[in-house]
Amino acid sequence: MRYWLMKSEPSKFSLDNLLALPGQTTAWDGVRNYQARNFMWKQMHVGDLAFFYHSCCAQPGIAGIVEVTRSAYPDVTQFDPESRFYDAKASRDNPRWFNVEITLKEKTRLLTIKELRQYSELARMRVLQTGNRLSITPVDPDEWKFILKILQA
DNA sequence: GCCAACGTTGGC
DNA sequence: GCCAACGTTGGC
């Protein structure tokens, strides 16, 4: 079982958007970065947990906890010419992009990046490094537990 | 809106 | 295979 952090821009897809979906489940599609894809494709398993992180907004931070409920399969948006995620070089026989499905586990209070930066225990988190643009990053189990403690306090 | 940092593209 | 140019991301 692994822990992750998954970024989303709330103006495009927020935690409340997920909350409103039937089954509170969504395909994490549209990822077009090989490193993030490989995390989903090769390392994510059903039962893994992830922080849902709001980026590129007035109050960036962790907004909730989600669970991986389906392992990676081809991202359907790559085959759709109407989609902004369409990839002409991908085919159904040879897909390039994969996504998992995630389900909301818990909506938490907004734990802002400003607050996360205050803890030296979290200083090594990828999401706190300047220039980090990777939308899916692994979270160390100790960091995961530490953040849960903050949320429960 | 700014700007730094990163990933990708494409010419060579 | 290199690397400059470009587009995108993301915090402030």
Side-chain angles (χ1 to χ4, degrees), chain A residues 2-21 26-44 48-68 71-102 104-144 146-151 153:
Chain A
R2 293 174 193 256
Y3 300 105
W4 306 93
L5 183 141
M6 300 169 83
K7 288 193 233 176
S8 183
E9 298 185 28
S11 61
K12 294 178 180 151
F13 187 76
S14 70
L15 189 99
D16 283 337
N17 292 144
L18 176 59
L19 188 66
L21 288 180
T26 190
W28 203 258
D29 57 17
V31 171
R32 294 294 180 270
N33 169 286
Y34 286 103
Q35 222 182 328
R37 177 204 69 176
N38 289 345
F39 282 140
M40 284 198 284
W41 191 15
K42 314 221 182 229
Q43 297 193 35
M44 275 194 180
D48 283 6
L49 298 175
F51 293 123
F52 189 111
Y53 181 90
H54 284 171
S55 66
C56 276
C57 55
Q59 293 282 341
I62 291 169
I65 295 171
V66 299
E67 181 174 357
V68 176
S71 58
Y73 60 96
D75 178 337
V76 294
T77 63
Q78 71 192 305
F79 309 126
D80 176 8
E82 303 298 310
S83 169
R84 61 184 285 253
F85 300 117
Y86 177 66
D87 184 343
K89 291 176 182 163
S91 67
R92 291 191 184 270
D93 288 341
N94 193 15
R96 277 190 166 189
W97 306 108
F98 293 81
N99 63 258
V100 296
E101 262 178 23
I102 54 121
L104 182 64
K105 202 157 184 292
E106 183 188 347
K107 177 179 177 174
T108 65
R109 75 176 173 90
L110 186 69
L111 182 49
T112 63
I113 189 170
K114 194 180 164 193
E115 188 174 349
L116 292 171
R117 288 194 196 286
Q118 290 171 4
Y119 298 100
S120 60
E121 292 90 338
L122 302 177
R124 292 172 56 234
M125 286 188 77
R126 306 259 319 246
V127 74
L128 300 183
Q129 311 307 315
T130 47
N132 168 57
R133 290 168 37 182
L134 197 52
S135 64
I136 299 176
T137 51
V139 172
D140 185 271
D142 289 336
E143 292 165 346
W144 180 273
F146 188 83
I147 292 171
L148 286 193
K149 263 198 287 178
I150 298 171
L151 288 169

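Residue numbers start from 1 in every chain, and the chains themselves are labelled A, B, ... in the order their sequence lines are given, proteins ahead of strands.
Judged as a salt bridge (charged side-chain N to carboxylate O under 4.0 Å, His left out), and not counting sequence neighbours, A:Lys42 has no contacts. By the side chain to side chain contact (heavy atoms under 4.5 Å, CB included) test, A:Thr26 is found to be paired with A:Phe13, A:Leu18, A:Leu21, A:Trp28, A:Ile102, residues two or more places apart in sequence or in another chain being considered. Checked against side chain to side chain contact (heavy atoms under 4.5 Å, CB included), A:Pro95 has the following partners two or more places apart in sequence or in another chain: A:Pro74, A:Gln78, A:Phe79, A:Phe98. The side chain to side chain contact (heavy atoms under 4.5 Å, CB included) search around A:Ala36 returns A:Val31, A:Asn33, A:Leu134, A:Ser135, A:Ile136, not counting sequence neighbours. Contacts of A:Tyr73 classified as side chain to side chain contact (heavy atoms under 4.5 Å, CB included), with partners at least two apart in sequence or in another chain: A:Ala27, A:Arg70, A:Asn99, A:Glu101.
Mapping A:Gly131 and A:Lys89 onto DNA chain B by nearest heavy atom places A:Gly131 at the nucleotide closer to the 5' end.
On the nucleic acid side, DNA chain C has its first and last nucleotide under 4.0 Å of a heavy atom of chain A at C:dG7 to C:dC12, going 5' to 3'.
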(request) Starting at the 5' end of DNA chain B, write a dot or bracket for each base, bracketing those in Watson-Crick or G-U wobble pairs whose two distances are under 3.5 Å and using | for partners on another strand. (result) ||||||||||||
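Note on residues 104-120 of chain A: pairs passing salt bridge (Lys or Arg N to Asp or Glu O under 4.0 Å), not counting sequence neighbours, are A:Asp16-A:Lys107, A:Arg109-A:Glu115. Pairs passing the salt bridge (Lys or Arg N to Asp or Glu O under 4.0 Å) check and including a residue from residues 78-87 of chain A, sequence neighbours excluded, read A:Asp87-A:Arg96.
Listed by residue number, A:Asn33, A:Tyr34 are the residues of residues 33-41 of chain A with a heavy-atom contact under 4.0 Å to DNA chain B.
Here CZ of A:Phe52 is found 4.5 Å from OG of A:Ser8. Values are rounded to the nearest 0.5 Å.
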Output side-chain donor-acceptor pairs under 3.5 Å for residues 54-62 of chain A, partner residues at least two apart or in another chain, one line each.
residue: A:His54; atom: NE2; partner: A:Leu15; partner atom: N; Å: 3.0

Going by atom type alone, with no hydrogens or angles, which donor-acceptor pairs under 3.5 Å involve a side-chain atom of residues 118-129 of chain A and a protein atom two or more places apart or on another chain?
residue: A:Gln129; atom: NE2; partner: A:Ala123; partner atom: O; Å: 2.8
residue: A:Gln129; atom: NE2; partner: A:Met125; partner atom: O; Å: 2.8

